[in-house]
Each structure stands twice: as C-alpha cells, then as structure tokens.
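Small disclaimer: the values here were computed from a predicted structure and weren't measured. Order of appearance sets the numbers: ligands from 1, and atoms from 1 within every ligand.
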Amino acid sequence: MRIFVTGGAGYIGSVMTDVLVDRGHDVTVFDNLSRGHRDALNPRARFVEGDLVDTPHVFNTLKSNRIDAVIHMAGDALVGESMGNPARYYRNNLIAGVSLLEAMRDAGVTPIVFSSTCAVYGVPERTPLDEGMPTGPINPYGESKLAYERALEWFHRAHGLKVVALRYFNAAGAGARSGERHEPETHLIPIVLDVAAGTRPSVTIFGDDYPTRDGTCVRDYIHVLDLADAHLLALEFLRSRDPRMEIYNLGCGGDGYTIREVISCAEKVTGRPIATVTGPRRAGDPPVLVASSDKARRELGWTPTRARLDVIVESAWNWRSTR
Ligand SMILES: NC(=O)c1ccc[n+]([C@@H]2O[C@H](COP(=O)([O-])OP(=O)(O)OC[C@H]3O[C@@H](n4cnc5c(N)ncnc54)[C@H](O)[C@@H]3O)[C@@H](O)[C@H]2O)c1
C-alpha cells in the first residue's frame, strides 16, 4: 500500500515507518520536525517536511503520491505542557488534525488509523479499562485527543471515512533502528535508563503511598513493535470492510507494573544501580492504569509478542547503547 505517516520523524512514527518499509509498503512521511528528529527518518521512505495545518500542502502530497491510507501519529503529547498551554494542544492535536481530514476528504483517501491515548479516560472507576468505560479527560492533552476522536466519528458519518482509533497505554522499547527520544523526556523507562547511563542523577517516584502492591503507581507498557503490529492489522481490517469507526485499547494488560518494578527490572537489565528520590504525588495520577485489549485481540487478531517488561527494557537499553 501507499501509506502516509504523519509524525514519522517522532518516536513511534519512525518505528512504524521502519516496519512498513520492511514489509514492502511505499511510505510518505509528513512531519514538521517540531518534536521529531531528522536522523530518525527512514532513508527508504519519502520525506515531506510540512505542517498538517497547511491543508493544500497535505492535499497535494496525498494526491501526488496516490496515497491509499493514512496513519496519523503527529501531535503534541506532553501532559504537563498541555496544562500550561492548552491552546497549543487544541491547535495541533485538533485543528491541524482536522486540516488533515479535510485534505483526505478532498483527495478521496478514506482509511485512517489514529494514535489516541488512554488519557481520554482520565481517572478510571475501575481497571482493566475497556473501551466501554466512560471517558473523562483531566488534562487538555486528553481532551484534545478525545475531541479529535469525535471529529473522526463525524467525518466518518459525513464522508465515509474508515477509522480505527487506537488508544495506546505507555509505548516503550525500541525498534532495530529507532527508539524513544522526547525533549523534554517525561516517560519513565528512558528516564530510568538515563540514570543507569549516568546522564541523570536520579529518578523521582511521585508518591509511594498508593493502594498498590508496593505503594507506587501501576502502569501498562506496550512494546513499540507490538504497537506497530496493531497498526498493520488495523490497516488490513479497514481495507477489507465498509466504512466504519472502531476504537481499540492497546496495552499488555495483566497486572501491569509498578514504578518500583520498572526500576528494579532496569537495574537487572543494565547491571547498574538506579538512584531514586521519593516526591509527593502528582495531581491527577490514577493509582492504576491497565488496559483490557480483549477487543483488539478479538477483532483485529492482535497478540502482543513482546509483552514482558524485561524484553521491553532490554530493547530500549540496547538501542540507547548504540547511539
Ligand atoms: N509515546 C507514548 O507512550 C504515547 C502514548 C499514547 C499516545 N501517543 C500518541 O502517539 C503519537 C506519537 O507519539 P510519540 O511519542 O512518537 O511522539 P513524538 O513527539 O516523538 O512524535 C510526534 C511527531 O509529530 C510531529 N508533529 C507534531 N505536530 C505536527 C504537525 N502539526 N505537523 C506535522 N508534524 C507534526 C513531530 O515533529 C514529531 O516528529 C502522538 O500522537 C501521541 O499523542 C503516544
């Protein structure tokens, strides 16, 4: 297929592009490099530098490359930043995203797989979280992603868009060529590995008095390559069906992992001690966020094969060590 990957210079987008190119797809990456990295671009994919808000530029790129399907990963994803600057999140995650949908509508491209997030749920009433649970974002990041899901629903109804929205839990780990690199980094595993590598003095644990097995928060981690597999299945799913819109949670489920379990796993994988500092709880941090991905398993046939935490951490450490 000829696939348009927005955000293909970013963490998940660059791994996704590598997987698509390896499978023989023709990939056009569209990225404004606001958060991405030029050296993360796959040399075998076409790169178009641009901002999604520029509808004619997106339209021309879709048309001239005869695009069959879109994987929409571009966006801003820093919860803390969104609290201080909601306009940026509405502009980039919603308005620029709608510009992409207008360009798709005009170019006659219908399938889209969208990178959504578990942040749309806010503080859940219970876990594991399934797609039927009420949404209730508690930050502008989650709000902007939920608003975009709703825009997708209306474009689906009005223009026959074929949509899969994937609500990722915590993406982690690395592919063969590309890995996690955010600035600033707010994700636990790269921060913990920075400490192991000696480029950061310690990792802060935000609260150790939660009602969990060791007092620290429980989270669900999903290997970025398992995430990429889910996108391939979602594309196949959309190709073979009439216009529809489906939402799937993507996580590894089970009991999840506490923050302390992640740190001790990283100590084992790296063979190095990891200094910690315990700080106060952060507002709006639910004690447990674990996905039920039963719907994705059932309907997409998705089975994560790299779900073990040590496999995820080891891939991130190996990639880090090659940089
Ligand atoms: N990393 C996670 O754990 C996680 C979890 C849930 C959801 N997500 C979602 O997955 C997607 C990818 O996340 P990531 O961690 O790879 O982020 P990232 O910041 O590494 O990549 C995002 C990319 O989008 C590009 N971009 C941003 N706005 C753009 C615009 N207007 N036009 C063109 N390009 C633009 C950036 O330059 C960057 O390359 C995001 O939409 C994010 O909300 C990520």
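Residue contacts with ligand 1 leave out T6, since none of its heavy atoms falls under 4.0 Å from the ligand. Under the 4.0 angstrom criterion for non-hydrogen atoms, D31 is in contact with ligand 1. At least one heavy atom of G50 lies less than 4.0 angstrom from ligand 1. A heavy-atom separation below 4.0 Å is not found between R167 and ligand 1.
Of the polar atoms of N170, none of the N or O atoms is found under 3.5 Å from an N or O of ligand 1, judged by distance alone. Considering both main-chain and side-chain atoms, L52 comes within under 3.5 Å of ligand 1 through a nitrogen or oxygen pair. Looking at E180 next to ligand 1, no N or O pair under 3.5 Å apart turns up. Close N/O approach between K145 and ligand 1 is found [any backbone or side-chain N/O within under 3.5 Å]. Where the criterion is an N or O separation shorter than 3.5 Å, residue side chain and backbone included, Y141 meets it with respect to ligand 1. No N or O atom of F30 sits closer than 3.5 Å to an N or O atom of ligand 1. The shortest N/O to N/O separation between A171 and ligand 1 falls below 3.5 Å. Note: no N/O pair closer than 3.5 Å links D76 and ligand 1 by distance alone. Below 3.5 Å of separation, one finds no N or O of Y168 facing any N or O of ligand 1. Taking any N or O of G10, backbone or side chain, at least one lies under 3.5 Å from an N or O belonging to ligand 1.
Looking from atom 13 (O) of ligand 1 to the surrounding protein, the closest heavy atom is I12 CD1, 3.7 Å. N32 ND2, 3.2 Å is the protein heavy atom nearest to atom 30 (C) of ligand 1. Protein heavy atom closest to atom 27 (C) of ligand 1, with residue, atom name and distance, is G75 N, 3.5 Å. For atom 20 (O) of ligand 1, the nearest protein heavy atom (residue, atom name, distance) is Y11 N, 2.9 Å. In terms of protein heavy-atom proximity, atom 14 (P) of ligand 1 is nearest to H182 NE2, 3.7 Å. Here the protein heavy atom with the shortest distance to atom 19 (O) of ligand 1 is R35 CB, 3.7 Å.
Under 4.0 Å is where a charged nitrogen must lie from a carboxylate oxygen, and between E185 and R200 no such pair does. Using a 4.0 Å cut-off between a side-chain N of Lys or Arg and a carboxylate O of Asp or Glu, R38 and E49 qualify as a salt bridge. Ion pairing between a basic and an acidic side chain is recognised when a charged N comes within 4.0 Å of a carboxylate O; K268 and D310 show no such pairing. Between D39 and R323 no salt bridge is recorded (no basic side-chain N to carboxylate O distance below 4.0 Å). A salt bridge does not link D26 to R66: none of the charged nitrogens lies less than 4.0 Å from a carboxylate oxygen. Taking the charged nitrogens against the carboxylate oxygens, E153 and R157 do have a contact shorter than 4.0 Å, which makes a salt bridge. E236 has a carboxylate O that lies under 4.0 Å from a charged side-chain N of R239, or vice versa, which qualifies the two as a salt bridge. Taking a cutoff of 4.0 Å between a charged side-chain nitrogen and a carboxylate oxygen, D22 and R177 do not qualify as a salt bridge.
Atoms of ligand 1 lying under 4.0 Å from at least one heavy atom of G36, given by number and element, are 36 (C), 37 (O), 38 (C), 39 (O). Numbered from 1 in the order shown, with element, the atoms of ligand 1 that lie under 4.0 Å from a heavy atom of L33 read 37 (O). Interface atoms of ligand 1 facing A77, defined by a heavy-atom separation under 4.0 Å, are 42 (C), 43 (O).
By the 30° and 60° cut-offs, the orientation of the rings of H187 relative to H182 is tilted. Classification of the F30-F4 ring pair by plane angle, with boundaries at 30° and 60°, yields tilted.
Within the set A119, G13, S116, S99, the minimum heavy-atom distance to atom 7 (C) of ligand 1 is found for S116. When M73, M16, H37 are checked for heavy-atom proximity to atom 11 (C) of ligand 1, M73 turns out nearest. Across the listed options V29, T117, N92, N92 owns the non-hydrogen atom lying nearest to atom 31 (N) of ligand 1.
Of all the heavy atoms of F169, the ones lying under 4.0 Å from any atom of ligand 1 belong exclusively to the backbone.
When each of E299, K295, R298 is tested with Y248 by the rule side-chain hydrogen bond (donor to acceptor under 3.5 Å, both in side chains), just one qualifies, namely E299.
For the pair E180 (side chain) and Y11 (backbone), a donor-acceptor distance under 3.5 Å is absent.
Taking a 6.0 Å sphere around CZ of R213, one finds it holds more than 12 heavy atoms contributed by other residues, nucleotides or ligands.
Between D209 and R281 there is a side-chain heavy-atom pair separated by less than 4.5 Å.
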Can you check side-chain hydrogen bond (donor to acceptor under 3.5 Å, both in side chains) on T270 and R320, steps first, answer last? CA-CA 11 Å; T270 62; R320 198 183 194 292; over 6 Å; no
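For H72 and Y148, the ring centers sit closer than 6.0 Å to each other.
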